[in-house]
Amino acid sequence: MIEGRWVRVTECDNIPPREGRAARIGDRELAIFNLGDRFLAVDNRCPHRGGPLCDGIVAGTAVVCPLHAWKVSLETGAVERPANTSACIRTYATRVEAGVVIVELQLRAVGELTTGALNRCTDT
Amino acid sequence: MKTLVVVGNGMAGVACVEQILKYERCFDITIFGDETHVNYSRILLSSVLAGELAPDDITLNPLEWYQRNDIRLRLGVRIGDVDAERKTVTGDDGSVTSYDTLLLATGSSAFMPPIEGLDKDGVFAFRTLEDTRKLLQRAGSGVKAVVIGGGLLGLEAARGLQVQGCNVTVVHLMATLMERQLDPDGGYYLAGKMEDLGIRVLLGRTTTTVVGSDRAEGVALDDGTVLEADLVVVAAGIRPNVQLADKAGLAVNRGIVVNDQMETSDPDIFAIGECVEHRGVCYGLVAPLLEQGKVLAATITGNKGPVYTGTLQAAKLKIMGVDVFSAGDWSEQNAEPVRYEDRALGVYKKLTVRDGKLVGAILVGDTSDSHRYMDWLRTGADLTDRRRHLLFPPPAADGGLDIAEMADSATVCGCVGVTKNAIIQAIHEKGVNTLSQLKETTRASTGCGSCTGLCQALLKAVAPEFEEDTKKVLCGCVPFSQDNLREILRSQRLKSVQEVLDIYGNGLGCEVCKPALSYMLDMLWCGDHDEDRSARFINDRVHANIQKDGMFSVVPRIRGGVTTPDELRRIANAAEKYHVRMVKITGSQRIDLLGVKKEDLPKIWADLGMPSGQAYTKGVRMVKTCVGTDFCRFGVQDSTSAGIEMERRFEHLYTPHKVKMGSVGCPRNCAEATVKDIGLVGQEGSWQVVVGGAAGKSVRKADLLITVETTEAALQAAELFFQYYREHGNYLERTYDFVVRLGIDKVRKDTVYAPDAVRQGLLDRLQKSKARARDAWQEGQAPVHRTQFIPLQPIEQLA
Ligand code: SRM
Ligand SMILES: Cc1cc2nc3c(=O)[nH]c(=O)nc-3n(C[C@H](O)[C@H](O)[C@H](O)COP(=O)(O)OP(=O)(O)OC[C@H]3O[C@@H](n4cnc5c(N)ncnc54)[C@H](O)[C@@H]3O)c2cc1C
Ligand code: SF4
Ligand code: FES
């Protein structure tokens, strides 16, 4: 079993409602979104051509990439548009404690990151 | 001259007098009205209640009209008695007035059902301007209102009160809403829409009592429910005002009985409007009353001849976003119903056909075809050949020919690279039937859009169940056309994107509707709206253009393409300091610094000390100018100064799509003004102002808007067009499409040839927006959010 590691990232109000922000943790760049009632975190790289998802417009529980408008689910990491695209991105479990967003990263060996628990996207 | 006394200063009476005045003058006219206002449009009271219009906006005949036509007007006087023998009427002010001819146009009154406590304070009817004023005084946020009656009037009252902030419940006696205009299914759909707006609807319930001491505190229903209410509106129907006719001894049933010449049983007394009954029908809508007025005017002036034989009744609900239309006889007795419904879309349509002719129609949720049906109803058109297409227009003759001629491997969409074959596959394998589905699955036609027609034709030819996208709606999240939305936002005073999405949409929004709504709000409220950056594209959050690697480009404003050595030095220094990858002279006479990090944007802007060139947004780009009279031996107008001045007047403003301009000193057109959104073309002694030009993905020569003599007049014409485009252009519609859609004739009529007040209105709103507009790069110094430009600095790092 891989052990989860929770990392305190930022105060909630550093991310305005319905917007995303980038955060570099270890060798990963995360895009963390404030959906009003919760925070969701994914890799900050669009599966199309690596666009910065943190800069996309939030549409419900998905984000629309600013470069070519691929639509990616923030809950599952799956690409919702174009349809039938199998690519997806990693998602990370999050929680809020004392006004701070905490994200779960997983360590295989020291310093090496792997996918989060909720992640359906296992091929990257 | 004979004396004509008119009792009732309402819509029907005054309209009939207008008709009478069209004949040779044969009467000395006096009008009595018990309301204190000159004749106004009662229909629009709903709009006054909803805050869309001010009371003064609905006046139909101002005082000067009465004076100009020598009509004695007595307002605030109620006629209490008629003596048909002595031919006099008596007012409640004691006055006695003799007549030769009497016209009763007393309308109706709100019907007050047998409910206890209707005399309590806080209980109102909704019939007059006075009622409406009182309602507006009491209405407000958090006020609990109960509307008794779920007919046209009740529902419009309910929506109006809700817009004023009240929590509204409609209590309706019958099992479905508007049962006089809609069948039970239609009523059901309507109820859903009212509930969606946030208005509670209780059906099949009788109100028994208004409870409370002196003041209404609630209403009690027959099932024992008691609803809290600070405000109660009774809209339970109307009753014709026939008391005077009774006193005059006229034949009266439900209304005052009139024949086809609009005569009553007394040769000297006539009646018109809601108070009359013709062939057993009392009308409650304006159109029939106006028709009656024309006939009566002929009869009363001794030109007897025209007859009135009845009117086809058609009603529309005047609630924005709740489209309801009903006309004719929609009962299914002895008729064949033709139906369509879609619960998810909330659309219900029913037509009734008898002997191959349309006799009735009900439309809920989509009334866009109501004109066609009214036409069929009026003309009694024979529909036998059109039976298959009553609810949908017929398919085109041979739309498939062009498509058949195209090779399978041919590219349909050049931007995204989609072939004919790929589209056919998507149609067969993914069940694609509409253009939006095609866009969604293949992304074809999502780039420049020039292949939309082709995609549409392919779908038509190939898809087994092809459907035109029903309405040109903004997007699935807020399913209204942009025209419609502008009206909704304006009339409902909505100021934030989220509010619009919550009330009129799915509460979420997407990358299509959010930026569009953001633009509309900014434009409508001249910048005085609740700006929501989450609804903006990234370019408009950080005021720079995002590039393929996530970096940004920076294009400072260089008005008219004219710069200085000092500016150039600052640009050069900044380019070095921030390691800009490329410095490029753009196709628009300015300089682009490409490859700047988001977090460096505020710093580079500060170093440049120049305003934003808005090269990243749907807004005012630039004015390209030529050297003009200052240097050029052919220059006949100072195009450089004129261009710079135009740029100053428009800069920092947002527009439906980008606006690029040009200003040239002579028709040689060196700065390409005739292919710009707005161009000034200098002539000997005059300027031509041209609009709607393009040299991007389509090429189009601009249309001439107007020729004027002075530079100031040219700039003003440009301002008029600019603001007109801002107000009427759809989001992402360039002027070259906008001008074509409207037609340059209409554009001229609505701008440079418009009446003074209209032109002034455009200029005022432009000024208002301009006064609030700021150079977006100032946000570098005062960010709207502390992490607007910078990435998060994690509190913790991995060990
Ligand atoms: C930088 C520049 C090219 C250059 O190196 O010269 C440029 C660059 C871009 N143009 Fe352009 N256009 C540039 C002049 C033009 C011109 C020529 C002009 O302005 O006189 C045109 C034709 C005129 C016109 O606008 O119609 C032009 C027609 C387009 C179009 C097609 C517009 C259309 O409806 O026909 C697009 C796509 C769009 O807007 O939807 C576009 C879109 C773009 C975008 C913004 C694409 C994007 O969304 O990222 C490019 C940004 C590159 C970047 O990273 O900064 N660009 N583009 C020019 C900047 C001008 C400036 O100073 O602001
Ligand atoms: C809120 C509202 C919305 C409506 N919406 C629509 C709509 O969308 N479409 C539509 O077609 N119709 C609509 N109607 C109905 C339309 O307004 C009426 O059909 C129309 O006004 C009737 O005209 P009238 O002249 O017969 O009566 P009125 O307009 O009522 O005029 C009669 C006038 O006579 C006065 N009067 C009566 N008795 C006396 C007396 N004894 N002495 C002196 N004065 C007297 C009354 O006070 C009144 O001012 C609406 C009505 C209301 C109230
Ligand atoms: S033409 Fe314009 S949009 Fe196309 S690649 Fe060049 S800069 Fe980009
Ligand atoms: S990189 Fe995200 S859509 Fe192309």
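Lettering of chains follows the sequences in order, A, B, ..., and the numbering in each one begins at 1. Since the structure is predicted, the reported quantities are computational estimates derived from the model, not experimental observations.
- Using the six-membered ring where Trp is involved, Phe789(B) and Trp605(B) have ring planes that are perpendicular, over 60° apart on the 30 and 60° scheme.
- Interface remark: of the candidates Val64(A), Asp55(A), Val100(A), Asp55(A) forms the most heavy-atom pairs closer than 4.5 Å to chain B.
- A salt bridge links Asp549(B) to Arg581(B): one of the charged nitrogens lies within less than 4.0 Å of a carboxylate oxygen.
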Let's go through Arg95(A) and Glu104(A) carefully: what are the C-alpha distance in whole Å and the side-chain angles of both, what is the deciding distance for salt bridge (Lys or Arg N to Asp or Glu O under 4.0 Å) to 0.1 Å, and is it a yes or a no? CA-CA 8 Å; Arg95(A) 62 190 158 88; Glu104(A) 186 189 31; over 6 Å; no
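- Chain A forms the most heavy-atom pairs under 4.5 Å with one residue out of Ile795(B), Val542(B), Asp532(B), Asn506(B), and that residue is Ile795(B).
- One finds a salt bridge joining Glu511(B) and Arg81(A) here, because a Lys/Arg side-chain nitrogen approaches an Asp/Glu carboxylate oxygen to under 4.0 Å.
- No other option in Val63(A), Asp13(A), Thr85(A), Val103(A) has as many heavy-atom pairs under 4.5 Å with chain B as Asp13(A).
- Counting only heavy atoms from C-beta outward, the side chains of Glu779(B) and Gln788(B) approach each other to under 4.5 Å.
- Using a 4.5 Å cut-off between heavy atoms, Ile15(A) contacts chain B through both its backbone and its side chain.
- For chain B, the nearby parts of Pro16(A) are the backbone and the side chain; heavy atoms of each come within less than 4.5 Å.
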Before giving the answer on side chain to side chain donor-acceptor pair (under 3.5 Å), spell out for Asp540(B) and Tyr654(B) the whole-Å C-alpha distance, their side-chain angles and the decisive distance to 0.1 Å. CA-CA 11 Å; Asp540(B) 284 311; Tyr654(B) 294 94; 4.6 Å; no
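- The choice from Gly60(A), Ala22(A), Ala23(A), Ala69(A) that makes the most heavy-atom pairs within less than 4.5 Å of chain B is Ala22(A).
- Interface residue Arg536(B): only backbone heavy atoms are found under 4.5 Å from chain A.
- Of the atoms belonging to Gln793(B), it is backbone heavy atoms, and not side-chain ones, that fall under 4.5 Å from chain A.
- Of the N and O atoms on the side chains of Arg786(B) and Asn14(A), at least one donor lies less than 3.5 Å from an acceptor on the other residue.
- Both the backbone and the side chain of Val7(A) come within less than 4.5 Å of a heavy atom of chain B.
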